[in-house]
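Single-structure report; data block below.
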Amino acid sequence: MRRFSPMVAIDVATKDEALDLFDRLTVEPRPILKIGMELYYHFGPEIIKKAQQRGFKIFLDLKLHDIPNTVKRAMFVLGQLGVDFTTIHAAGGSEMVAAGAAGLKEGAKAAGLPAPKLLAITQLTSIDDQILHDEQHVDLSLVESVQSYAQLAEKAGADGVVCSAYEVQSIRQVTGTDFLCVTPGIRPKDFAKGDQKRVVTPHQAHDVGSNAIVVGRPITQSADPVKAYQEIEEEFLTEED
């Protein structure tokens, strides 16, 4: 199974904070940096270039969700940035996901770059069964909803999904062996859950078959981000005898 270095969520408010983390996390192998809405909407492609100049791969997590043509055109732009992963909401439907995948490939080709991996959002890790039923009015169980979105995304051309580690094995039952499962909601033992509802440790994510994990506050709010990252990396990537 292919596994990636942990993805570090750079969810900070200022460019200086982001650049400080970039400079502190220049370890080998490099983490993959997740740039989300807050940083990208504030600083745009410039913040991506700053990370790329330091040798980082980028997971640009903007969770596109709009009509298919708008998503395709937006993905065309993102495909030219040289990022390695980006996201789209499976809830937008198969036509939208397919349009996004096409736009991403076309943009990358126009820039002479490899196409980023397209990851579909299934259900956010802040969603649980009660919210799914009471607020989204979905009759499926959370696991069934995630499976359905994963199948839709794979058929529409996505490379994988972002999902809770709790759903990885269920997704594996209904998708191909190369389909990626990237799991946020990762917390080392004894670390506070915060606003996440479905959390696991790096070791548990490894055991259920996650291809990659996304970790933010346990690293970025640590007194020693490098040490925190390396401990999480070892726990996630090390195979036990």
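The structure displayed is predicted, hence computed values, not measured ones.
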**Request:** Taking the side chain as every heavy atom from C-beta outward, state whether Glu167 and Thr183 have any atom pair closer than 4.5 Å.
**Result:** no

**Item:** Check: Asp84 side chain, Lys57 main-chain N or O, donor-acceptor pair, under 3.5 Å
**Value:** no

For residues 171-181, please give each side-chain donor-acceptor pair under 3.5 Å, one per line with the distance, not counting sequence neighbours.
unit_1, atom_1, unit_2, atom_2, d
Arg172, NH1, Phe179, O, 2.7
Arg172, NH2, Gly209, O, 2.6
Arg172, NH2, Asn211, OD1, 2.8
Thr175, OG1, Ile171, O, 2.9

**Asked** Quick one: does Thr220's side chain have a donor or acceptor within less than 3.5 Å of a partner on Gly216's backbone?
**Response** yes

**Message:** Can a donor-acceptor pair be found, under 3.5 Å and without considering hydrogens, that links the side chain of Glu144 to the backbone of Ser141?
**Reply:** yes

**Request:** Taking atom types as modelled, find out whether Ser170 and Gln147 have a side-chain donor-acceptor pair closer than 3.5 angstrom.
**Result:** no

**Item:** Glu28 and Arg30 ion-paired at < 4.0 Å
**Value:** yes

**Asked** Do Gln151 and Ser148 have side-chain atoms, one donor and one acceptor, less than 3.5 Å apart?
**Response** no

**Prompt:** Quick check: does any side chain N or O of Glu135 sit under 3.5 Å from a backbone N or O of Leu132, one acting as donor and the other as acceptor?
**Reply:** no

**Request:** State whether the side chain of His133 and the backbone N or O of Leu140 hold a donor-acceptor pair below 3.5 Å, judged by distance alone.
**Result:** yes

**Message:** When you measure from the side chain of Ser210 to the backbone of Ala212, do you find a donor-acceptor pair of N or O atoms at a distance under 3.5 Å?
**Reply:** no

**Asked** What heavy-atom pair brings Ala205 and Ile213 nearest, and what distance separates the two atoms?
**Response** CB-CG2, 3.6 Å

**Item:** Arg54 charged N/C atom sitting above Phe22 aromatic ring, 6.0 Å / 45°
**Value:** no

**Request:** Give a yes or no answer on whether the side chain of Thr122 reaches the backbone of Val146 with a donor-acceptor pair at less than 3.5 Å.
**Result:** no

**Prompt:** Distance-only, no hydrogens or angles: does the Gln80 side chain make a donor-acceptor pair with backbone N or O of Ala110 under 3.5 Å?
**Reply:** no

**Request:** Taking the side chain as every heavy atom from C-beta outward, state whether Ile32 and Phe56 have any atom pair closer than 4.5 Å.
**Result:** no

